[in-house]
Visitor: 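Take this structure, written in structure tokens, and hold onto it; I'll ask about it next.
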Amino acid sequence: MQEKYIPQVVEAKWQQRWETEKSFKADEASEKKKFYLLEMFPYPSGKIHMGHVRNYSIGDVVARFKRMRGFNVLHPMGWDAFGMPAENAAIQNNCHPAAWTYENMAYMRGQLKRMGFSYDWDRELATCDVEYYRWEQQIFLQMYERGLAYKKTSFVNWCPTCETVLANEQVEDGGCWRCDSDVKQKELDQWFFRITDYAEELLDWTNHLPGWPERVMTMQRNWIGKSFGCEITFPLEGEEEGITVFTTRQDTLYGATFMSLAPEHPLAERITTPERREAVTAFVEKIARTDRVRRTAEEFEKEGVWTGAFCTNPLTGCRMPVYLANFVLMEYGTGAVMAVPAHDQRDFEFAGKYDIPIRVVIQPDGEILDPTTMTEAFTEVGTMVNSDRFNGMRSDAAKESLADHLAGEGVGKKTVNFRLRDWGISRQRYWGNPIPIIYCDICGAVPVPLADLPVTLPRDVTFTGEGGSPLAQLDSFVTVPCPVCGLSSRRETDTMDTFVQSSWYFLRYCCPDFTDGPLDKKRTGYWMSVDQYIGGIEHAVLHLLYARFFTKVLRDLGYVTVDEPFLNLLTQGMVIKDGAKMSKSKGNVVDPNGLVERYGADTARLFSLFAAPPEKDLDWSDQGVEGSYRFINRVWKLVFETLPFTTKAPALDPEKLTAEGKGLRRLLHKTIRRVTDDVEGRFHFNTAIAAIMEMVNGLNAFEAKNDPRNGAVLREAMSSLVIMLAPFIPHAAEELWEGLGETVSLSQVSWPSWDAEVAADEELTVVVQVNGKLRDRITVSATATEEEIRSMALAAERVLALLEGKSVRKVIVVPGKLVNIVVG
RNA sequence: GCGGGAGUGGUGGAAUGGCAGACACGCUUGGCUUAGGACCAAGUGGGGUGACCCGUGCAGGUUCAAGUCCUGUCUCCCGCACCA
């Protein structure tokens, strides 16, 4: 090794060594226990950013650590390569999305290699490769066969900027998750995945994933939104069919005085009377023009229009006018709400505005509500009144009886409702996986036969940037014979949401070269589930919910045997600079390239691991980076300068240690224990690194370096130090390891173990408190009994002074830690 | 409104109910240097400046002992939200 640390030289050397020796290749034929470690794969946007550096540095520590702990580690990397930016770039720069994407992947692959992450590059995949997406088409067809993929006409979220449909999960605050444009509602014929079939199971399992952060589970539970209630049918005057509502408050049914329908409700048109038609049509049109963001804001004024129709309260026989109301959502429940003004705030406001009667059916404790003087709805639990046989019951307890009663009368039933909607996967874009369906005038929608797969995404398209998907303009793609009858038919030109590809890529990593189907059951069975998944919190209900769903579907299709894809999930925080997330618009971006050129990859890695625990946001600090760089230099210098003592050292004989040597060895074994616990148990790399820094400080302060009797213990310390640094700064560690005279790459070396006896102190400092306040310290032998410690504490000089004239009431002894003397 | 998380030095952050502030950044002083940088050494929560007091958003409580547990409260962040 060189005297001076030159990261660029060292890093290039070891990256090349790892590559030629295929040091991180994962093989299923191993005696070791498997460990599947995965970080969320990147979108090839052009170049990696600090978020990637952080995410992948965290992952690489775990990968390298687990290997050193004797696991057979699968640590793959690939590209989430379909998606809109490629298409936008094509329109702007007149280059093909494929060219743009593959160039970006090549560049970013180089950047990731330059960071020294220990991936098995032989398993690299890109979702835009036909060898990937062809299998997804097969999965789609199998889902279609089972009714899990289907097409329906509905109102969907439409982003006018991206000119495509978005899934509910991809609408954030009424805006597009990518470009933030206001999302409009548009009625379209679209493909869906029946994720609602799995709602119950997806929800159940949120209680059986202890390795997931609670808040992600909570977000998923909220998203699935299960609620218990009743479906109740209200007969419509002059119609065969009634109106069915979903309610969680069947206990307020006796107080229902009107009915509200969503403006888009299919019955709305039919039941409107001629004299109300004009008003109703005007209202419906007004709502259609109002964007969803505004309409769903809570402060938005409650408005409606009477249809002229009436329905009947099935229990009271009360005649209820049927309104259309702007706050009723077609996509939740049945799109119809029984309105109980006395006990629902929205209905209360609505009733006030349109002069509809208020009927109190639940009275609060110690108060009598009067409909004529109420200022707001009473929504809590109380005693039921005006409710026939249920009078006098507690409203919450009555829910069950009411449900039974409704079922008995044949007007309702108990039911559960989910907020979760089916996953809309159609995208009116080019750069995605074509949906393998053909439309024939005679045979209807016909799946592309398996033998005809893949439906290859054609290259020769033109990008105008307007007028929808370029695929639809390409006659050679669109026009095909119907697989059933042979007549000229049209291909589906929608492509799949890119979240479909990321819903199963982790399975394909297990067998990326498999050619007989989407997945090799044997290899997938060996590696799955992912033992540790690491990525950003922003995918809490997007990718992470879809991937769980897909895993269950693939299980039911017989491809995998696991119920859940990710056993443990680590959600890392954002990288912040100057109080804000790094972004071009804020001008606070730190480019990894510059960092690596100046300090090397090891420094970039070390800083992003040391500055904060992984799950917290990381505050970027240029000075902190300097500090990390200085630390590596200090270690380098320490190892280099002690080489004369360590390289010629004899084998360690624990019996023949000097006092200093023994102390140093104790420090080492304590450090090994701390670092192992911090890395293994809780991924607290910042404290693990701090422990190593403390040891380095201890080694620098070690005076007796040149005492030949300490050579062996010094060598043990240096070796272990370098091994422990390997997961964090692998290049520098390898070079130092070689400098110590070792010939086997650190990637093959085991993590050091610690000996509790060696780590144990011979003497301990015990804190002495009087009435809970620190007053003195005593030094006791590690073998001292509680009684001995107690009497020493009571005899301590400063304690004696404080005990003067007072009586000792109680003495608490915490062995090895503290004595608290209670006096009074 | 509901749910989740967090409030600790000048800064990032440490602390199985047991010495608050590990480790690092920054800063101060000194050394080295023509100088700067780098490096090395010492110091660094506040106040008194003796060996004492105060201090983990705020107010209570439990305990021999509370940053940590409990109750209330404030602030900030995140998610969901006219969800029937």
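Below, all heavy atoms of this structure are taken into account, side chains as well, without hydrogens, waters or symmetry copies. A note on names: the letters A, B, ... follow the listed sequences, proteins ahead of strands, and every chain is numbered from 1.
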Visitor: Which one, B:A84, B:G79, B:C25, comes nearest to the side chain of A:Q623?
Guide: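 Of the options given, the side chain of A:Q623 lies nearest B:C25.
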Visitor: Roughly, in whole Å, what's the span from CZ in A:R777 to P in B:G18?
Guide: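 Going from CZ in A:R777 over to P in B:G18 covers 16 Å.
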Visitor: From the options B:C19, B:G4, B:A24, select the nucleotide whose nearest atom is closest to the side chain of A:V767.
Guide: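 Closest of the options to the side chain of A:V767: B:C19.
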Visitor: Pick the C1' atom in B:A65 and in B:C78, then give their distance to the nearest Å.
Guide: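 Straight-line distance between the two C1' atoms is 35 Å.
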Visitor: Please compare A:A336 and A:S621 by the position of their nearest nucleotide in RNA chain B and report the one closer to 5'.
Guide: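 With A:A336 and A:S621 compared, the 5'-side residue is A:S621.
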Visitor: Would you classify A:R634 as touching base, sugar-phosphate or nothing, given that sugar-phosphate means primed atoms plus P, OP1 and OP2, and contacts are heavy atoms under 4.0 Å?
Guide: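 Sugar-phosphate, no base atom in range.
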Visitor: Sort and list the pairs that fulfil salt bridge (Lys or Arg N to Asp or Glu O under 4.0 Å) and have at least one residue in residues 673-699 of chain A, not counting sequence neighbours.
Guide: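 Checked against salt bridge (Lys or Arg N to Asp or Glu O under 4.0 Å) - neighbours excluded - the pairs reaching residues 673-699 of chain A are A:R69-A:E680, A:R674-A:E694, A:D678-A:R682.
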Visitor: State which of B:A84, B:C82, B:C40 makes the closest approach to the side chain of A:K302.
Guide: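 For the A:K302 side chain, the nearest candidate turns out to be B:C82.
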Visitor: Which residues pass the ring-ring contact (aromatic ring centres under 6.0 Å, His included) test with A:F350, not counting sequence neighbours?
Guide: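 Once residues adjacent in sequence are excluded, the partners of A:F350 under the ring-ring contact (aromatic ring centres under 6.0 Å, His included) criterion are A:F258, A:Y323, A:F327, A:Y354.
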Visitor: Tell me, please, which residues at least two apart from A:W223 pass ring-ring contact (aromatic ring centres under 6.0 Å, His included).
Guide: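 Counting only residues at least two positions away or on another chain, A:W223 forms no ring-ring contact (aromatic ring centres under 6.0 Å, His included).
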Visitor: Give A:R809 one of three labels, base, sugar-phosphate or nothing, depending on what nucleic acid heavy atoms sit under 4.0 Å from its own.
Guide: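 No contact at all - A:R809 keeps every heavy atom at 4.0 Å or more from the nucleic acid.
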Visitor: Give the B/S/- string for nucleotides 48-55 of chain B, one per nucleotide from 5' to 3', where a protein heavy atom under 4.0 Å of the base yields B, of only the sugar-phosphate yields S, and otherwise -.
Guide: ----SSS-
Visitor: Please tell me which of A:E214 and A:V337 maps to the more 5' nucleotide of RNA chain B, matching each residue to the nucleotide holding its nearest heavy atom.
Guide: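 Of the two residues, A:E214 wins.
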Visitor: Give me syn or anti for B:G47, where syn covers glycosidic angles within 90 degrees of 0.
Guide: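 Anti, which is what one calls it when the glycosidic angle falls more than 90° from 0.
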Visitor: When every nucleotide of nucleotides 9-16 of chain B is labelled 5' to 3' by its protein contacts under 4.0 Å (heavy atoms), B for base, S for sugar-phosphate only, - for none, what sequence of letters results?
Guide: ---BSSSB
Visitor: Is the shortest side-chain N to carboxylate O distance from A:D617 to A:K581 below 4.0 Å?
Guide: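 Salt bridge flag = no for A:K581 with A:D617.
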Visitor: Regarding A:G225, tell me which of base, sugar-phosphate or nothing describes its non-hydrogen contacts under 4.0 Å with the strands shown.
Guide: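 Since no nucleic acid heavy atom lies under 4.0 Å of A:G225, the category is nothing.
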Visitor: Check nucleotides 64-70 of chain B against the protein and report each pair of N or O atoms closer than 3.5 Å, with its distance, or say if there are none.
Guide:
residue: B:C64; atom: O2'; partner: A:N820; partner atom: ND2; Å: 3.1
residue: B:C64; atom: O2; partner: A:N820; partner atom: ND2; Å: 2.7

Visitor: Counting heavy atoms from C-beta on, name the nucleotide in B:G3, B:C80, B:C40 closest to the side chain of A:K637.
Guide: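 Nucleotide nearest to A:K637's side chain: B:C40.
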Visitor: Please work out if A:N417 contacts a base, only the sugar-phosphate, or nothing of the nucleic acid, heavy-atom cut-off 4.0 Å.
Guide: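 Counting heavy atoms under 4.0 Å across all strands, no contact is made by A:N417.
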Visitor: Between A:K414 and A:E231, does any side-chain N to carboxylate O distance fall below 4.0 Å?
Guide: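 Between A:E231 and A:K414 there is no salt bridge, as every charged N stays at least 4.0 Å from the carboxylate O atoms.
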Visitor: Given B:A24, is OP1 or OP2 found less than 4.0 Å from the side-chain N or O atoms of A:N697?
Guide: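 Result: yes.
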Visitor: Does A:K226 come within less than 4.0 Å of A:E200, counting only side-chain N to carboxylate O?
Guide: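 Looking at A:E200 together with A:K226, the answer is yes, because their closest N to O distance falls below 4.0 Å.
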Visitor: Is it the case that over 12 heavy atoms from other parts of the model lie below 6.0 angstrom from the NZ atom of A:K806?
Guide: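 For A:K806, atom NZ is not crowded (no more than 12 foreign heavy atoms under 6.0 Å).
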Visitor: What do you reckon, is CD of A:Q2 surrounded by more than 12 foreign heavy atoms closer than 6.0 Å?
Guide: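 Not more than 12 within 6.0 Å, no.
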Visitor: Using a cut-off of strictly less than 4.0 Å, decide whether A:R419 has a side-chain nitrogen or oxygen near OP1 or OP2 of B:A81.
Guide: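 Indeed, a polar side-chain atom of A:R419 lies that close.
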Visitor: Hey, is the side chain of A:R630 poking within less than 4.0 Å of OP1 or OP2 on B:C25, counting only N and O atoms?
Guide: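 So the side-chain polar atoms of A:R630 do come within 4.0 Å of the phosphate oxygens OP1 or OP2 of B:C25, strictly under.
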Visitor: Output yes when A:E214 and A:R221 qualify as a salt bridge under the 4.0 Å nitrogen-oxygen rule, no when they do not.
Guide: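 Salt bridge present between A:E214 and A:R221.
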